[in-house]
Amino acid sequence: MTMTRVADFHVNYTAFLDADGTLMRDQVLPTFSLDSAVLKPLYRQMVLTRTFDNKAVALQRTGRLGTYGSCLGQEAVGVGLGAALNPDDVLVPSFREQAAQIMHGSRMEDILLYWGGDERGSQMQSTPQSQDFPICVPVGTQAAHAVGVARAIQLRGEKRAVVCAMGDGATSKGDIYEAMNFAGAWKLPILFYIANNQWAISVPREEQTSCQTLAQKAIAGGFEGEQVDGNDLLAVHDRCKKSLNRIRNGEGPHLIEAITYRLNDHTTADDATRYREDKAVAAHWKRDPIVRLRNHLVNLECWTKQDEEKAIQDAARAVEDAVQNYMHMKPQPVESMFDHLYAELPEAYQHQRAHAIACAAAKAAEE
Ligand SMILES: [Mg+2]
């Protein structure tokens, strides 16, 4: 018997910045990696993301927001992608893509509305040009929607890309495998974008799957997957840009696994100290994507203490404006809770809707 090797696969990994933000000059660097006009706005965007994220957690802790999923530590994953999107690309997020959503046109107050339990946070009124999807909490279920959008774009012959964003936990769900199979079989214009933050709620990456990489899951779908240092803005942005360009040019689907670390709890309903050591988290703070890019900017001699102070002040002001808009939004009418799940409201709910309206009117009359 002769055994013949019939297939070979590989998974590449890209990083340009060391953990301390020093450029690895032995690599072929993207031209923008030395261009302060490109890098400074991206740095400011990461600062804005963190400021927004910290504020959202504070709003939840003081009873002014519902459960919220923090993206602390994952700012480069979101900003690197957000800066690579064209306005008419379609972002189909899960629930930790705040940075990319904001860069693609979502208002911060809309994201707060979503987590505040207000239907208007899912209406995506601020991003009509992009047709982005709202936040999706049920893990992995957005993948079938994303593939459907990609198929529609393909049938229309448009040069647009879809990004199906997810966490590492989603890659263990059947929905994702099915979506990737469709994408490969139909050569759809879609990027599967995994923020591998090492935790599926309380399950560590190594217990969740025995796969050596999550990127290799693309191979079974018939397309390539790659890894990138998700805390290196330069690497994330470069790989996303190249991937999305190929996708828009009709070269079929692609997968990027951005390796990062969730520095906060899974959501504000979680307490990560119950299942992981503080010292493990502290080690990952040393790879903070914001500090790394700041060190790189300082090394390029294009970032000063004054620049830093201004970036922090500008971000605080923008976030505070969004919070004020959110807090002063007039509440929705009570019947709105019935108005978005069905195209036509089933009879069983019609009398409940009428009852809710009557109760609200009676309460208003009492006041
Ligand atoms: Mg995760």
Side-chain angles (χ1 to χ4, degrees), residues 11 13 46 49-50 53 56-57 60 67-82 91-101 111 114-115 133 135-143 146 163-177 179-180 191-218 225-232 235-236 239-240 255-278 280-285 287-289:
V11 173
Y13 172 85
M46 290 211 289
T49 303
R50 185 162 294 182
D53 194 65
V57 172
Q60 191 279 336
T67 301
Y68 172 76
S70 165
C71 64
L72 184 67
Q74 301 182 206
E75 294 84 358
V77 178
V79 170
L81 169 69
L91 176 62
V92 183
S94 57
F95 56 90
R96 227 183 284 282
E97 281 77 31
Q98 297 88 323
Q101 285 186 293
I111 297 173
Y114 175 85
W115 293 109
F133 273 46
I135 291 167
C136 177
V137 170
V139 172
T141 57
Q142 75 279 22
V163 177
C164 178
M166 69 193 88
D168 46 291
T171 67
S172 298
K173 296 287 296 290
D175 311 60
I176 300 293
Y177 288 105
M180 290 204 290
L191 169 63
F192 294 93
Y193 191 61
I194 304 166
N196 175 3
N197 67 11
Q198 314 302 328
W199 292 93
I201 311 185
S202 56
V203 180
R205 156 70 181 83
E206 60 275 14
E207 283 180 30
Q208 188 203 139
T209 170
S210 63
C211 278
Q212 190 181 351
T213 71
L214 302 181
Q216 72 200 57
K217 297 191 176 196
E226 63 177 292
Q227 289 187 328
V228 65
D229 180 344
N231 285 16
D232 173 352
V236 172
R239 298 316 301 166
C240 284
L255 184 152
I256 294 176
E257 174 190 0
I259 309 221
T260 183
Y261 193 85
R262 196 192 77 208
L263 291 171
N264 212 329
D265 299 326
H266 169 68
T267 67
T268 50
D270 175 42
D271 174 7
T273 61
R274 295 177 63 175
Y275 54 81
R276 67 182 188 186
E277 300 278 330
D278 286 349
V281 181
H284 284 280
W285 270 105
R287 300 179 63 82
D288 180 349

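Read the numbers this way: they start at 1 and go in the same order the structure lists the ligands and their atoms. The chain is numbered in sequence order, starting from 1.
Using a 3.5 Å distance cut-off with no hydrogens or angles, the side chains of N197 and T260 do not pair a donor with an acceptor. For the residue pair D175/T141, the side-chain donor-acceptor check at 3.5 Å is not satisfied. D265 and Y68 share no donor-acceptor pair across their side chains, judged by distance under 3.5 Å alone.
In this view, Y177 satisfies the ring-ring contact (aromatic ring centres under 6.0 Å, His included) rule with no residue, not counting sequence neighbours. Taking the ring-ring contact (aromatic ring centres under 6.0 Å, His included) definition, one finds that Y193 meets it with nothing, sequence neighbours left out.
Here the Mg ion (ligand 1) has protein N, O or S atoms under 2.8 Å from it, and they come to 3.
Among pairs with a residue in residues 68-78, those fulfilling salt bridge (Lys or Arg N to Asp or Glu O under 4.0 Å) read R50-E75, at least two apart in sequence or across chains.
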